[in-house]
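One structure is given here, and the rest of the page talks about it.
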Amino acid sequence: SRSVEPSSMATGSVGLGAVDADSNLDRSAPSVSTALRRADPRDQLRDKCESELRTQSSYSFDFRIRSLRGRTLTKRQFSGRLLVVDVWATWCGPCVREVPHFIDLQERYRDQGLSMVGINYERGASQHEDRRQVESFAREAGINYPLALGNSQITDQIPEFRGFPTTLFIDGRGNVRLTLRGSRSRAELETFVRLMLADPSIDPDRARQRPSEGPIKPAEIQTNPFAS
């Protein structure tokens with residue numbers, strides 16, 4: 001019988017022992033754990049949202065408006081909390097589709113520091129007509145956060161404002177850190193909320209306090225559904 005030399009066994013082998021340190025080994029390839037993580041849709045979504053947050057420039061934004069219930073709303077009232085401002089309209093289909101997401105997120109993350117405010121732009125013949133339209137929609141949808149009619153002073157502060165919906169994520173220091181143009185999925189919105197709630201600008205003590213002009217109590221919603 002003919003013996004086989006060890007060197008001839010190694011020829012063409014894919015075993016690790018056959019790979020020279022200076023061969024075609026791709027040192028930039030991700031580890032197995034990293035590759036598995038990237039394959040998880042949740043992690044892919046998180047990476048996408050983190051990238052979007054990093055690439056956007058922050059800017060100042062301020063408002064002082066009166067809610068549909070006559071309460072004065074200012075950005076300062078939400079200091080230390082994550083404030084999400086939904087610039088929308090009841091006649092806007094993509095806007096309406098997002099409303100259930102915002103209702104759920106407000107309920108789920110309110111005690112962790114999230115506050116929602118909706119600013120409406122309607123097409124009625126008068127402010128009175130616009131108000132009635134928004135109130136009717138709020139009652140039917142069960143909106144659990146403040147609503148107010150908007151004006152050009154609001155949209156003029158948003159760089160390259162294009163239309164509805166436009167959603168602003170404002171950190172605890174009052175800076176707009178993220179501007180979303182167009183509707184997003186619930187998963188995307190929740191991912192952005194979770195990322196922003198982890199921001200150092202969110203004050204844990206302040207997060208546990210509800211703004212004085214913020215959402216009304218659940219018991220109050222039963223008798224007055226206009227949560228604004």
Side-chain angles (χ1 to χ4, degrees), residues 49 52-53 56-69 71-90 92 94-110 112-122 130-131 134 137-138 141 143-184 186 188-197 199 201-202 206-207 210-216 226-228:
C49 292
E52 194 165 354
L53 263 172
Q56 288 204 19
S57 300
S58 63
Y59 59 91
S60 60
F61 176 85
D62 203 3
F63 62 86
R64 184 181 181 85
I65 52 181
R66 189 169 296 277
S67 75
L68 297 186
R69 295 185 63 216
R71 296 179 175 183
T72 299
L73 299 173
T74 67
K75 185 187 71 173
R76 187 174 182 179
Q77 292 166 350
F78 302 93
S79 176
R81 296 177 64 86
L82 167 60
L83 174 60
V84 177
V85 177
D86 178 28
V87 182
W88 71 295
T90 61
C92 164
C95 302
V96 170
R97 287 193 291 273
E98 280 191 320
V99 168
H101 306 330
F102 291 134
I103 292 173
D104 185 42
L105 292 172
Q106 169 75 359
E107 181 65 28
R108 181 168 298 195
Y109 293 98
R110 175 167 45 200
Q112 298 179 40
L114 171 65
S115 288
M116 282 286 315
V117 170
I119 302 182
N120 287 76
Y121 290 80
E122 301 302 313
D130 288 346
R131 180 188 180 92
V134 178
F137 184 96
I143 292 179
N144 57 353
Y145 49 86
L147 298 174
L149 297 181
N151 53 49
S152 60
Q153 293 178 345
I154 299 291
T155 53
D156 286 348
Q157 296 181 69
I158 304 174
E160 300 179 9
F161 177 75
R162 300 170 188 169
F164 312 103
T166 295
T167 309
L168 312 180
F169 285 69
I170 303 174
D171 66 19
R173 300 185 185 93
N175 298 313
V176 178
R177 296 278 298 281
L178 178 69
T179 302
L180 301 181
R181 297 174 173 86
S183 63
R184 298 297 183 99
R186 188 202 180 285
E188 283 181 287
L189 294 170
E190 183 171 21
T191 301
F192 284 125
V193 165
R194 292 173 67 90
L195 288 171
M196 289 287 294
L197 284 175
D199 189 84
S201 67
I202 306 302
R206 186 78 175 92
R210 297 185 183 183
S212 58
E213 300 294 340
I216 59 178
F226 308 141
S228 48

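The basis for the numbers below is simple: all heavy atoms, side chains too, and nothing from hydrogens, waters or symmetry mates.
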List the residues meeting disulfide bond (SG atoms under 2.5 Å apart) with C92, not counting sequence neighbours, and say none if there are none.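 Disulfide bond (SG atoms under 2.5 Å apart) list for C92, sorted by chain: C95.
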
Compare all side-chain heavy atoms of V84 with those of F192 and state whether any distance is below 4.5 angstrom.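 They are not in side-chain contact.
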
Is there a side-chain contact between L105 and R186 (heavy atoms, below 4.5 Å)?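 The answer is yes, as the side chains (C-beta and beyond) meet within the 4.5 Å cut-off.
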
Should [X] and [Y] count as an ion pair when the cut-off is N to O under 4.0 Å?
X	Y	value
R177	D199	yes
E52	R184	yes
E160	R162	yes

Does the E98 side chain pair with the main chain of L189, one donor and one acceptor, at a distance under 3.5 Å?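 No: the side chain of E98 does not pair with the backbone of L189.
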
If the plane angle is over 60° it's perpendicular, under 30° parallel, otherwise tilted; pick one for F164 and F161.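 F164 and F161: perpendicular rings.
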
For the residue pair F63 and F78, categorise the inter-ring angle as parallel (less than 30°), tilted (30 to 60°) or perpendicular (more than 60°).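 Tilted, since the angle between the ring planes falls between 30° and 60°.
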
Between Y59 and T179, do the side chains contain an N or O donor and an N or O acceptor separated by less than 3.5 Å?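 There is such a pair (donor and acceptor under 3.5 Å, judged by atom type) between the side chains of Y59 and T179.
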
Please tell me whether Y145 and R110 have a donor and an acceptor in their side chains that are separated by less than 3.5 angstrom.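 Short answer, no.
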
Residues two or more places apart in sequence or in another chain: which of them pass ring-ring contact (aromatic ring centres under 6.0 Å, His included) with F137?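 Per chain and number, F137 pairs via ring-ring contact (aromatic ring centres under 6.0 Å, His included) with W88.
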
Pair R131, E122 - check salt bridge (charged side-chain N to carboxylate O under 4.0 Å, His left out), show working. CA-CA 9 Å; R131 180 188 180 92; E122 301 302 313; over 6 Å; no

